[in-house]
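To keep things clear, I will list the structure first and then write my remarks on it.
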Amino acid sequence: MRDSGQGAVTVRGSVDLLFRQRAGQLAATLTRILGIDHLDRVDDLVQDAFVQALKRWPYAGVPDNPAGWVLRVAKNRAVDELRRQGRWREKRDELERSILPAAEAGRAFFSTELTDDQLRMTFACCHPALARDAQVALTLKTVGGFSVDEIARAFLATPATIAQRLVRAKRALKEARVELKIPAADALPGHLDAVLEVLYLTFNEGHGASAGDALVRAELCEEAIRLVELIAAHPVVGGPKVNALAALFLFQAARLPARVDAGGDQVLLAEQDRSRFDRALLRRALEHLRLAARGDRVTSYHLEAEIASCHALAESFEATDWGRILDCYDRLLELAPSPVVALNRVVAVARVAGTAAGLKALAAVAREPALERYGPRYAIEAELLERAGRTGEAAAAWSRALALTASEPVRRYLHRRVAAAG
Amino acid sequence: MGQFMLLLHEDPRGFAALSPQEIQAVVGEYSAWRERLAGQGRLAGGNKLKDEGGRWLTGQNGRVRVVDGPFSEAKEVIGGYFMIEAADYDEAVAISRECPHLRYGGRIELREVDPIHD
């Protein structure tokens, strides 16, 4: 369908009118009014309002205030729904207050109440009572306005699987009697961590899509950035850790325009044209990094953000401060040991101490079961083997990496490396 | 110059599964198509028909029978129509090919209006 990954990729700010974002915002507000138990009906109402727009605007033309039009249709249907449920009188004032007349619709969408609706919805969708993959699917569907098909493509699942996941998620919300609210300070840490992990997963998938024709799905990155910045700006749930994650996202997103070439192929970091890095995003990233330094705790997001800043701010690949990057990886391994982190550290070791040292570090990590079917583990090995002149073994490693990827652009790249080494 | 009618046939449930992003794309395409036509003075009108089956009337044995037309159970219904100005069928087809209706599973029946002269 429509992937935005081909050709030059930019990550826009949240100023544009995007149907998808409006759908998410509308769902958040309607959920508050109709109740989280009625999430299915909310989904239908929102989808139906946009389908009505699609059916009518070709004949009547796009109205002057498209957002207001959709809002009015959704509101009318919400009224019908509440009447049907016998709750109209109880909810009338709330509905009138929250969904203002069409003329004010533009302003309404920037109100604190709308932001709070979305934050409440995000915390509910990421409630610990739900499994992680359910949290991700529900957040993307309800807050992000993505369709079941779009979520399925992003996460290597079938639409039927995602649909089932959503059904189970909604049921789990009901059974756990999850409330729609911004967690109080004492309940916050656990909930916030879940939300941040969901956003991390979402951004990661958008930044380097694991399957399909597009290397990058900018809209997933945009949504993760949009939500993390909403959270960072909030007086109760914001804090240095959230700023650190925002900085990480923005440093990575700034490099997206240079990451994909006109043919949709990936461009290696060493070859990226740094003049194409998005300066506005870099500025925002630096601001968040500054705010992240306010706290007294260094979290793994802080360290990842620092690594990302080293890459994004280096004047050239050769000028990259690999020593500082290696130091961050060392601290990251102490804080949050993981095979993937240890693997990424190998690249830094090789840059700082040479290929032989890199291969030695790799040997220490390579037998981790978690990495056995992880493509990048073989790609990193292949690169080092090539540098060490062991081209035969390198070709074998490139081939293993190739067998383990479902991404078309990555597949094309690995094919070339196999051919060159063989 | 002739007048042509584009009858837009579609699956009544057709759009339900489109994502907001896809809907945005279609709306954008329709805007562009309409603007082009209107700018050339070729868009003579059009209407959406209500999402319902309407009524079917038949005359039989001197009596008129009226039934509700099918809608959601139908495979295909007429969603609406456009009226355009074009020199001939070739021109009308060229215009109709660009109509976004065709990109999302719909069918267009193109008919020239018969200019009746005395």
Side-chain angles (χ1 to χ4, degrees), chain A residues 1-4 12 16-27 43-64 66-67 69-70 73-74 140-154 159-160 162-163 217-220 222-223, chain B residues 5-39 42-52 71-72 76-84 95-96 98-108:
Chain A
M1 269 273 163
R2 284 167 194 279
D3 289 327
S4 52
R12 297 185 299 273
D16 305 352
L17 165 57
L18 289 180
F19 281 31
R20 186 178 53 68
Q21 280 179 18
R22 289 305 162 106
Q25 290 163 348
L26 192 52
D43 276 352
D44 289 343
L45 286 181
V46 172
Q47 178 68 7
D48 200 53
F50 281 95
V51 167
Q52 289 308 309
L54 176 54
K55 286 187 164 190
R56 284 166 167 68
W57 295 353
Y59 301 96
V62 177
D64 287 333
W69 192 99
V70 171
V73 168
L140 289 180
K141 179 85 180 51
T142 317
V143 189
F146 290 97
S147 71
V148 168
D149 275 0
E150 288 168 337
I151 298 169
R153 265 180 283 128
I162 299 295
R217 293 186 194 279
E219 59 273 13
L220 288 175
E222 284 167 22
E223 186 60 19
Chain B
M5 184 179 233
L6 281 71
L7 285 151
L8 271 51
H9 298 264
E10 62 203 28
D11 177 345
R13 285 163 311 266
F15 295 131
L18 288 184
S19 73
Q21 188 157 337
E22 288 162 339
I23 289 174
Q24 177 161 11
V26 181
V27 165
E29 286 166 23
Y30 258 114
S31 271
W33 184 74
R34 283 177 55 92
E35 255 168 67
R36 249 192 335 268
L37 283 184
R42 290 183 183 285
L43 191 60
N47 276 299
K48 180 186 176 306
L49 299 177
K50 274 195 176 175
D51 295 331
E52 51 166 41
F71 185 70
S72 44
E76 198 183 61
V77 299
I78 298 176
Y81 65 90
F82 287 109
M83 299 295 302
I84 62 173
I95 292 169
S96 303
E98 303 297 311
C99 181
H101 188 73
L102 295 172
R103 258 167 260 164
Y104 297 92
R107 174 171 79 85
I108 293 180

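Each chain gets a letter, A, B and so on, in the order its sequence line appears, and its residues count up from 1. Computed over heavy atoms, backbone and side chain alike; hydrogens, waters and symmetry mates excluded.
Annotation: side chain to side chain donor-acceptor pair (under 3.5 Å) contacts of B:D11 (sequence neighbours excluded): none. By the salt bridge (charged side-chain N to carboxylate O under 4.0 Å, His left out) test, A:D48 pairs with A:R77, sequence neighbours left out.
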Intermediate values then yes/no, side-chain contact (heavy atoms from CB on, under 4.5 Å), A:Q52 and B:D51:
CA-CA 10 Å; A:Q52 289 308 309; B:D51 295 331; 4.3 Å; yes
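Of the two parts of B:L43, neither the backbone nor the side chain holds a non-hydrogen atom closer than 4.5 Å to a non-hydrogen atom of chain A.
Taking all atoms of both residues into account, the shortest heavy-atom contact from A:E150 to B:S19 is OE2-OG, 2.8 Å. Heavy-atom minimum distance, A:Q47 versus B:P20: OE1-CD, 4.4 Å.
Between chain A and the residues B:G80, B:A17, B:A38, the most heavy-atom pairs under 4.5 angstrom are made by B:G80.
No side-chain heavy atom of A:V51 sits less than 4.5 Å from a side-chain heavy atom of B:L18. With contacts defined as side-chain heavy-atom distances shorter than 4.5 Å, the pair B:K48/A:K55 qualifies.
Ring centroids of B:Y81 and A:Y59 are separated by 6.0 Å or more, keeping the two rings apart.
The distance from atom CZ of A:F146 to atom CD of B:Q21, rounded to the nearest 0.5 Å, is 7.0 Å.
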